[in-house]
Amino acid sequence: MPGKPETSNPDARSSPRLSRSFYRRNPVAVARGLLGHRLVSQIGDARTSGLIVETEAYLGIPDKGAHTYGGRRTPRSETMWGDGGYAYVYFVYGMHHCFNVVAGRAGNPVAVLIRALEPCASEAGSGSEPSNQNLDVLFARREKAKRFTDLCSGPSKLCQALNITRDQDGEDLIEGDLLFIERARSHSLPQGSIVAGPRIGIAYAEEWQHEPLRFFLEGNPHVS
DNA sequence: AGAGTGATCATG
DNA sequence: ATGATCACTCTC
């Protein structure tokens with residue numbers, strides 16, 4: 001592989017990433033399984049991150065809410081058709097980006113939308129820097145955010161906060177350097193705290209709009 | 001509850 | 001080429 005920099009093991013001092021096989025499952029399992037883990041961005045000149053607290057599963061060809069409904073395969077959604085564990089980023093409403101992780105395997109165009117993060121002041125590691133830095137950067141990038149809970153409480157808010165754009169479409173979440181998901185250290189996530197409900201913003205999806213494919217941590221203030 | 005914003009896609 | 005749409009956010 002040409003051009004792979006020598007420094008490409010950011011896991012040496014941090015938590016391991018979720019593996020390819022984690023993503024190569026059905027999107028509901030991935031959407032639920034993602035809750036509580038840490039999305040990390042090294043896009044731009046800072047490392048920013050947050051714990052995933054809200055997700056939505058998109059079920060592909062049969063799903064009237066999905067970009068790939070009916071087998072549609074367009075330039076925008078091309079990465080959804082590929083293998084699991086890659087970023088699918090799209091642009092909507094003329095100003096916003098949304099970040100998904102591709103689930104399943106190549107040929108099955110399913111994905112999970114990341115809808116909200118809980119930004120953390122402390123990066124679990126003990127010896128790291130005085131990491132208000134994470135919050136400082138998030139507030140700087142999210143100019144309109146007044147409160148802590150305005151930072152990453154929506155799919156496009158979190159993209160703005162972590163600097164995610166279409167440039168990241170197709171990024172490899174397992175091998176790439178810019179964007180990845182770290183396994184939570186003490187992943188003692190109580191299964192009972194996961195709640196399901198209908199997905200947001202897909203009124204056009206007819207009967208599919210009511211399917212309980214949105215998952216979030218009950219009572220978390222960062223949920224959108 | 002309405003405006004903003006322009007890429008994207010299905011038409012033709 | 002053209003027009004409708006949009007997995008949203010902000011402000012009123």
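Just so it is clear, the structure is predicted and the values come from calculations on it, not from any experiment. Note on naming: letters A, B, ... go to the chains in the order of the sequence lines (proteins, then strands), and numbering restarts at 1 for each one.
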Set of residues satisfying side chain to side chain contact (heavy atoms under 4.5 Å, CB included) with respect to [X], sequence neighbours excluded:
X	result
A/Asn108	A/Val110
A/Gln168	A/Ile43, A/Val89, A/Ile164, A/Thr165, A/Glu171, A/Leu178, A/Leu179
A/Phe22	A/Leu18, A/Ser19, A/Arg25, A/Val30, A/Leu34
A/Ser224	A/Glu54, A/Arg115, A/Arg214

Exercise for review: Would you mind building the protein contact string for nucleotides 1-6 of chain B? One character per nucleotide, 5' to 3', B for base within reach (heavy atoms under 4.0 Å), S for sugar-phosphate only, - for untouched.
Suggested key: ---BBB
All N/O donor-acceptor pairs, side-chain side in residues 142-153 of chain A, below 3.5 Å, sequence neighbours left out:
{"from": "A/Arg142", "atom 1": "NE", "to": "A/Asp150", "atom 2": "O", "distance (Å)": "3.3"}
{"from": "A/Arg142", "atom 1": "NE", "to": "A/Leu151", "atom 2": "O", "distance (Å)": "3.0"}
{"from": "A/Arg142", "atom 1": "NH1", "to": "A/Gln160", "atom 2": "OE1", "distance (Å)": "2.7"}
{"from": "A/Arg142", "atom 1": "NH2", "to": "A/Asp150", "atom 2": "O", "distance (Å)": "3.0"}
{"from": "A/Arg147", "atom 1": "NH2", "to": "A/Asp150", "atom 2": "OD1", "distance (Å)": "3.4"}
{"from": "A/Asp150", "atom 1": "OD2", "to": "A/Lys146", "atom 2": "N", "distance (Å)": "3.3"}
{"from": "A/Asp150", "atom 1": "OD2", "to": "A/Arg147", "atom 2": "N", "distance (Å)": "3.0"}
{"from": "A/Ser153", "atom 1": "OG", "to": "A/Thr149", "atom 2": "O", "distance (Å)": "2.7"}
{"from": "A/Ser153", "atom 1": "OG", "to": "A/Lys157", "atom 2": "NZ", "distance (Å)": "3.2"}

Exercise for review: Pull out every residue in residues 56-70 of chain A that has a heavy atom closer than 4.0 Å to any atom of DNA chain C, ordered by number, or say none.
Suggested key: A/Tyr58, A/Gly65, A/His67
**Study point:** A/His96: ring pair (Phe, Tyr, Trp, His ring centres under 6.0 Å) partners, not counting sequence neighbours
**Key:** none
**Study point:** Those residues that, when tested against A/Phe91, pass ring pair (Phe, Tyr, Trp, His ring centres under 6.0 Å) (two or more places apart)
**Key:** A/His97
Exercise for review: Determine the contact category for A/Ile202: base if any of its heavy atoms lies under 4.0 Å from a base atom, sugar-phosphate if only primed atoms, P, OP1 or OP2 are that close, otherwise nothing.
Suggested key: sugar-phosphate
Review point. So what stems show up for DNA chain C if we need 3 or more Watson-Crick or G-U pairs in a row, all under 3.5 Å?
Key: B:1-4 with C:8-11, B:6-11 with C:1-6
Review point. Which residues pass the salt bridge (charged side-chain N to carboxylate O under 4.0 Å, His left out) test with A/Arg76, sequence neighbours left out?
Key: none
Point to revise | Sorted by number, the residues of residues 74-82 of chain A with heavy-atom contact under 4.0 Å to DNA chain B | key: A/Thr74, A/Pro75, A/Arg76
